[in-house]
Amino acid sequence: MLLSLHDEHAVGSLTKADLLLERVKTVYKIFSPEQCENLLIAFSQVMDEAYRRRPFDQRSVNSLWERAQSLVPLLLSHLEPKRREATLTRIFTEGKAIGWLTSLFRKETFAHGRFGDKLRPKKAWLFTDVELDGITVVMISRYRAMSGDDVFDCPNPINILFAWMQAGDEEGPRQLISANTASDEGLVETLEHLTSTVNSSDRGKYVVLTKESISYFLDYEHVRKRIEALKNDSKLGERASMLATAFDYDDRE
């Protein structure tokens, strides 16, 4: 149902799915535990597909992803401990929307102070420390089972790579990216998926390859030289030239 509603425009940039989730915020207290569990499971299954069908800014507080994430603590609060544990295990183990689940997981990694300096008070956490321990094990296992194509098929591949690294497995994403960039074609494809889109008032919309992002997983200067060398390649030259421009944009930032 969520997907079909997401396909239907409501008003402005909102779809009928956006309106439904806003409505849920005001009425969730009358939901049964089963309804809360089913909605959480639905989120974990369809959120990536919703993005593919009708893309949106994943970081916007008004995006479908953020609306769903804001409902997670409300819906979980209706589940008794054993049911809550089983539901969390199910959504993170079986959920097809690994991009959306990764967004949720990465935010909690920071909120718990496990990476970076964004520790939040416990009352602001979505999951307990014990729950996050279990989720971390599950997500690292899922990441390790993914191929490069699996990662790049997700709505935000670089978010998966960073979540994986920040969860405590620094070598896992590096090994995956290293294997995927061994060939010239693999290098071009990988970098195309690691670009970031920038909206600028003076330059308009453009893509950039930042040293900050790339250097966690690759030798930045080495891959940049490889791309420069490919600009005249008969098969990859046009794509390599676009990537070289994305590198150049980073120099101007």
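Here the structure is a predicted model, which means the values were calculated and not measured.
- Judged purely by atom type and a 3.5 angstrom limit, R142 uses its side chain to pair as donor or acceptor with the backbone of F92.
- With sequence neighbours excluded, no residue forms a salt bridge (charged side-chain N to carboxylate O under 4.0 Å, His left out) with E108.
- Note: F162 and F217 meet the aromatic proximity criterion, with ring centroids under 6.0 Å apart.
- With ring centers used as reference points, H78 lies 6.0 Å or more from F31.
- Salt-bridge check for D153 with R52: passed, with a basic side-chain N closer than 4.0 Å to an acidic carboxylate O.
- Judged as a side-chain hydrogen bond (donor to acceptor under 3.5 Å, both in side chains), and not counting sequence neighbours, T109 has no contacts.
- Here V130 sits alone; no ILVMFWY side chain lies under 4.5 Å from its own, so it joins no hydrophobic cluster.
- Partners of V207 under the side chain to side chain contact (heavy atoms under 4.5 Å, CB included) rule, at least two apart in sequence or in another chain, are T195, T197, A246.
- Annotation: side-chain hydrogen bond (donor to acceptor under 3.5 Å, both in side chains) contacts of E94 (sequence neighbours excluded): none.
- Counting Ile, Leu, Val, Met, Phe, Trp and Tyr side chains that sit under 4.5 Å apart, directly or through other members, V11 shares a hydrophobic cluster with L14, L19.
- In this structure, the side chains of F105 and L126 stay at 4.5 Å or more apart for every pair of heavy atoms.
- Residues forming a side-chain hydrogen bond (donor to acceptor under 3.5 Å, both in side chains) with Y143 (at least two apart in sequence, or on another chain): T102.
- Between R53 and E49 there is a salt bridge, with a side-chain nitrogen of the basic residue lying less than 4.0 Å from a carboxylate oxygen of the acidic one.
- Considering only residues two or more places apart in sequence or on other chains, R226 meets the salt bridge (charged side-chain N to carboxylate O under 4.0 Å, His left out) condition with D184.
- At least one side-chain heavy atom of R54 sits under 4.5 Å from a side-chain heavy atom of H9.
- Not counting sequence neighbours, the partners of E171 by the salt bridge (charged side-chain N to carboxylate O under 4.0 Å, His left out) test are R174.
- Atom CD of E238 sits in a sparse spot, with 12 or fewer heavy atoms from other residues, nucleotides or ligands closer than 6.0 Å.
- With sequence neighbours left out, the salt bridge (charged side-chain N to carboxylate O under 4.0 Å, His left out) criterion links E85 to no other residue.
- Distance alone, capped at 3.5 Å, places no donor-acceptor pair between the S213 side chain and the L209 backbone.
- Within the hydrophobic cluster formed by Ile, Leu, Val, Met, Phe, Trp and Tyr side chains joined at under 4.5 Å, directly or through other members, L119 is accompanied by W125.
- Using a distance-only test at 3.5 Å, with no hydrogens or angles considered, no donor-acceptor pair links the side chain of N180 to the main chain of L176.
- For the pair D48 and K96, the salt-bridge criterion is not met [side-chain N within less than 4.0 Å of a carboxylate O].
- Taking R114 as the reference, D129, D133 meet the side-chain hydrogen bond (donor to acceptor under 3.5 Å, both in side chains) condition, with sequence neighbours excluded.
- Ion pairing between a basic and an acidic side chain is recognised when a charged N comes within 4.0 Å of a carboxylate O; E131 and R84 show such pairing.
- Using a cutoff of 4.0 Å between basic side-chain nitrogens and carboxylate oxygens, E22 and K25 are scored as salt-bridged.
- Centroid-to-centroid, the aromatic rings of Y220 and F247 come within less than 6.0 Å.
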